[in-house]
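Each chain gets a letter, A, B and so on, in the order the sequences are listed, and its residues count up from 1.
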Amino acid sequence: MSKLRPFCMPKWGIEMTEGTIAEWMVGEGDRVKRGDTLCLIETAKITNEVEAENDCVILRVLAPAGQDVLPVGALLAVFGDDDVPAAEVDAFIAAFVPAEGGVGEAPVASGDKPAKPAAAPAAAPKKIATNRPISPEALALAEREGADLDAIEGSGRGGRITYQDVYQHLRPQAAPVLRGAAELAPEDLRIFASPLARRLAALHGVDLSGLTGTGPRGRISKHDVLAAVPAPASGGAAFVAVANTPRIAPFDKVRGVIAQRLTAAKRDIPHFYLRVAVDVDALLALRKTANLVLGIKASINDYLVLAAGKALARHPDVNVQLHGDAVHHFPHADIAVAVASPKGLVTPIVRQVDRMTLPQLAAATAAQIDKAKAGRLSWEDLDGGTFTISNLGMFGIDDFDAVINPPQGAILAVGRARREAVETADGGIDFATRISLTLSVDHRAIDGAAGAQFLATLKGLIEDPEQLFG
Amino acid sequence: MAKMMYRDAVRSTIFEAMERDERVVVLGEDVVGGMGTAGGPEAIGGIWSTSTGFYDAFGPDRVIDTPISESAIVGAAGGLALAGKKPIAELMFADFIGVSLDQIWNQIAKFRYMFGGKSTCPAIIRMAYGGGFNAAAQHSQSVHHFLTAMPGLKVVMPSTPEDVRGLLREALRGDDPVIFLEHKALYGVTGEVPDGDWTIPFGHARLTRAGQDLTLVATGLMVSRCEAAADALAKDGIGCDVIDLRTTSPMDEEAILDSVEVTGRLVVVDEAPQRCSLATDISALAAQKAFASLKAPIEMVCAPHSPVPFALELEQAYLPSAAKIEAAARKVLGYR
């Protein structure tokens with residue numbers, strides 16, 4: 001008898017709780033071989049190809065490609081070794097219980113015993129043993145979401161942890177939208193008006209003394225004031241406003257992650273900025289020759305990435321990540337290169353730039369940019385990184401301040417190359433091509449002097465680019 | 001406009017009423033406060049000095065020292081009111097209201113209703129309440145919540161000298177029994193009191209700070225603590241509405257609901273313990289009638305469910321402070 005196998009939403013990292021089928025490469029009835037691409041699954045961070053682990057037949061596809069967000073462990077499809085009657089597949093689906101943790105392909109189950117009943121629900125709860133007073137629903141939520149009860153202060157009697165306490169703990173910090181103070185009109189005791197009515201009257205310039213109150217005991221209420229707000233005077237043909245209805249685009253996953261991470265970075269990281277203008281005439285001249293000699297198409301950005309990698313190797317105190325209270329120093333420079341992909345800003349990483357030659361770097365960077373543009377970056381392409389370079393020069397930006405990409409310690413913002421008048425050694429005027437480099441630095445991990453020395457080294461490498469081939 | 005202390009506003013407003021209206025009489029323990037029961041030129045006018053000079057000006061028929069019996073004082077005030085007088089009874093400490101609850105709750109609060117409106121009972125019962133004076137558990141309580149719960153009574157809690165004058169005048173001009181609660185810690189507070197013949201209607205709250213992010217509601221001493229918290233929050237750009245209710249019965253529900261509509265966040269501050277308090281009452285009001293406006297759960301900053309401690313440090317920890325109010329406000333603002 002044919003064996004049926006469930007294909008479930010995989011779990012690709014501790015933070016992954018859900019995913020979306022971006023595209024199916026196979027359809028029902030298809031016979032696939034081990035290693036064939038089954039589908040593309042999109043998560044908050046990445047889009048990954050999923051390959052078949054065995055030769056099989058696609059018996060049923062349950063999750064159509066599209067925008068349905070499915071939890072880890074959700075049944076996506078049913079595979080079999082051979083064609084199986086539809087009724088048997090139906091029975092298998094009906095009896096299916098999602099396994100703990102979420103797996104790409106659950107352990108093989110035979111057609112007779114479609115699926116092993118699992119005791120735990122879909123989201124893989126982890127039992128928490130605690131003596132603290134906590135409501136049953138709160139404990140269930142904490143177990144389901146893996147909340148750390150020690151980090152939660154109970155708001156109930158005797159420190160009892162409520163569902164709301166856990167729920168609040170699990171949600172990211174929100175900065176309230178503040179509207180600030182309002183104008184307080186002094187109270188005129190001769191006029192009986194509610195506090196809000198007085199505020200509105202002050203706001204709209206309404207004279208309260210002329211109003212008759214319709215509120216309790218004849219008090220002037222907000223409605224009385226709003227009714228007395230003078231209509232705007234009309235002169236000539238009145239301007240008629242049309243509906244200014246917004247097109248509402250909810251954050252997709254990538255945009256959501258960008259928003260969350262960069263908000264946290266800008267809020268929590270004490271940034272300081274170092275700016276330097278670098279002459280690139282020598283680099284531009286050298287690039288033409290070097291690319292011809294080497295037979296490559298390295299961009300100016302590639303040269304800058306290479307220079308940054310070599311400078312980072314000489315300044316390991318800038319080539320850092322900050323984790324809690326510890327600074328991690330790295331011997332090699334894994335540089336994230338900010339790329340504007342169709343889905344938003346992504347930062348694929350080029351590994352060990354300091355050990356690369358220019359042709360190696362150009363090839364590696366081009367490969368990452370291609371992957372980013374195709375939306376096929378994997379977790380490995382994005383995880384880690386010790387430094388980031390963001391270049392907006394191609395958009396005509398002179399200079400800008402980039403937001404640090406945590407846990408990295410610094411990010412380099414590169415502006416456009418522009419011709420500037422400079423004073424020559426003999427007091428004359430000459431023109432030079434310059435770019436502006438701005439280093440955003442996490443002051444918790446890196447001191448001003450360290451950042452400045454790194455920039456000086458970088459400037460030296462760019463202005464004397466032959467060193468890059470040394 | 002004159003500057004005066006809260007206690008002087010009480011004294012001068014009653015004095016003015018006694019000059020103006022022969023029916024006004026003052027009675028209570030030690031309201032003469034002289035060198036003996038007959039009073040005299042040295043009379044200090046009660047333990048709060050709120051009837052100083054009354055005995056000399058109006059004599060023993062209108063300034064009456066009573067035995068130490070709250071039930072007798074309130075009972076006599078009720079009888080005087082029924083008989084056409086305007087009695088102002090002083091109970092010293094609100095904590096001792098228990099022995100006169102029958103007179104207050106079952107008698108004077110209900111006379112007008114049970115006599116079909118043919119009789120009124122314009123008795124004013126003044127008492128000092130509240131903590132912060134190291135006066136221990138029987139002299140420091142806040143009892144406004146259960147008086148507010150009694151139908152038929154007006155309950156007034158002025159927080160400034162100006163409000164004392166306006167609200168006491170309103171009480172004197174009405175026909176209903178009024179519980180006039182003076183906070184001990186406010187007697188020494190000085191403020192501007194406008195000249196002229198004006199009153200503050202009951203059920204008309206005062207907005208003392210205006211903001212768009214959070215509503216703070218309080219009475220009596222707690223108003224200034226809310227203002228201090230609001231000022232601290234303002235440094236971070238957080239704008240608070242601070243509502244001084246002035247009277248808890250009738251209560252200015254519209255002021256609270258209007259404000260919550262603007263801010264969407266509510267912190268209620270009450271000197272009494274939270275259970276069955278004014279704070280829970282206001283919270284229920286907002287939860288019932290402004291639920292759609294609320295962006296976060298309502299916070300209440302109240303005293304613990306315990307007697308008021310005697311030890312100064314414990315008493316300070318017991319009472320709602322500006323810091324506690326600020327913390328509650330930040331909690332509400334941090335809700336997500």
Undergrad: Can you confirm whether more than 12 heavy atoms, excluding those of B/Glu192, are under 6.0 Å from its CD atom?
TA: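 Above 12, so yes.
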
Undergrad: Using a cut-off of under 4.5 Å for heavy-atom pairs, which of B/Arg206, B/Arg209, B/Arg246 has the most such pairs with chain A?
TA: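 With the most close heavy-atom pairs to chain A, the winner is B/Arg246.
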
Undergrad: Check whether more than 12 heavy atoms from other residues, nucleotides or ligands sit under 6.0 Å from atom OH of A/Tyr167, and answer yes or no.
TA: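 No - once you tally the heavy atoms of other residues, nucleotides and ligands closer than 6.0 Å, there are 12 at most.
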
Undergrad: Identify the two heavy atoms, one from B/Leu207 and one from A/Arg198, that lie closest to each other, and give their separation to 0.1 Å.
TA: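 That would be N-NH2, 3.9 Å.
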
Undergrad: Looking at every heavy atom in both B/Lys331 and A/Ser155, which two are closest together, and how far apart are they?
TA: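 Closest pair (atom of B/Lys331, atom of A/Ser155, distance): NZ-CB, 4.0 Å.
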
Undergrad: Which one wins on heavy-atom pair count under 4.5 Å against chain A: B/Ser259, B/Ala210, B/Pro297?
TA: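 Greatest number of close heavy-atom pairs with chain A: B/Ala210.
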
Undergrad: Taking everything shown except B/His305 itself, do over 12 heavy atoms lie less than 6.0 Å from its NE2?
TA: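 Check fails, neighbour count at 12 or below.
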
Undergrad: For residues B/Asp252 and A/Pro195, report the shortest heavy-atom separation together with the two atoms involved.
TA: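 Taking every non-hydrogen atom into account, OD2-CD, 4.2 Å.
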
Undergrad: Look up atom CG in B/Leu257 and atom NZ in A/Lys222, then write down how far apart they are to the nearest 0.5 Å.
TA: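 That separation rounds to 8.5 Å.
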
Undergrad: Taking all non-hydrogen atoms of both residues into account, name the closest pair between B/Val262 and A/Arg199 and its distance.
TA: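 Here B/Val262 and A/Arg199 meet closest at CG1-NH2, 3.8 Å.
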
Undergrad: Quick one: closest heavy-atom pair of B/Ala255 and A/Arg219, and the distance?
TA: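 Scanning both residues completely, I find the closest heavy atoms to be N-NH2, 4.2 Å.
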
Undergrad: With a 4.5 angstrom heavy-atom cut-off, which part of A/Ser221 approaches chain B: side chain, backbone, both or neither?
TA: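 For A/Ser221, there is no contact with chain B at all, as no heavy atom is under 4.5 Å.
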
Undergrad: Looking only at heavy atoms, what is the nearest atom pair of B/Gln212 and A/Ala182, with distance?
TA: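 Taking B/Gln212 first and A/Ala182 second, the nearest heavy atoms are CG-CB, 4.0 Å.
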
Undergrad: Using non-hydrogen atoms and a 4.5 Å limit, figure out which bit of B/Asp236 sits close to chain A: side chain, backbone, both or neither.
TA: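 Only the backbone of B/Asp236 comes within 4.5 Å of chain A.
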
Undergrad: Given heavy-atom pairs under 4.5 angstrom as the criterion, report whether the side chain, backbone, both or neither of B/Arg265 touches chain A.
TA: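 For B/Arg265, side-chain heavy atoms alone lie under 4.5 Å from chain A.
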
Undergrad: Counting heavy-atom pairs under 4.5 Å with chain A, which one of B/Gly203, B/Pro250, B/Ala296 comes out on top?
TA: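 So the answer, after comparing B/Gly203, B/Pro250, B/Ala296, is B/Gly203.
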
Undergrad: Taking side chain as everything from C-beta outward and backbone as N, CA, C, O, which of these in B/Ala234 sits under 4.5 Å from a heavy atom of chain A? Side chain, backbone, both or neither.
TA: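 Neither part; nothing is under 4.5 Å.
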
Undergrad: Can you tell me which of B/Pro194, B/Gly237, B/Cys240 forms the most heavy-atom pairs within a distance under 4.5 Å of chain A?
TA: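 So the answer, after comparing B/Pro194, B/Gly237, B/Cys240, is B/Gly237.
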
Undergrad: Which atoms of B/Ile200 are under 4.5 Å from chain A, going by heavy atoms: the side chain, the backbone, both sets, or neither?
TA: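 Only the side chain of B/Ile200 comes within 4.5 Å of chain A.
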
Undergrad: Quick one: does A/Leu178's side chain get under 4.5 Å of B/Leu333's, heavy atoms only?
TA: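 Yes, their side chains come closer than 4.5 Å.
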
Undergrad: Considering only heavy atoms, which portion of A/Ala193 lies under 4.5 Å from any heavy atom of chain B: side chain, backbone, both, or neither?
TA: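 Just its backbone gets close to chain B.
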
Undergrad: Roughly how far, to the nearest 0.5 Å, is the CD1 atom of B/Ile243 from the CG atom of A/Leu196?
TA: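 Reported value, rounded in 0.5 Å steps: 9.0 Å.
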
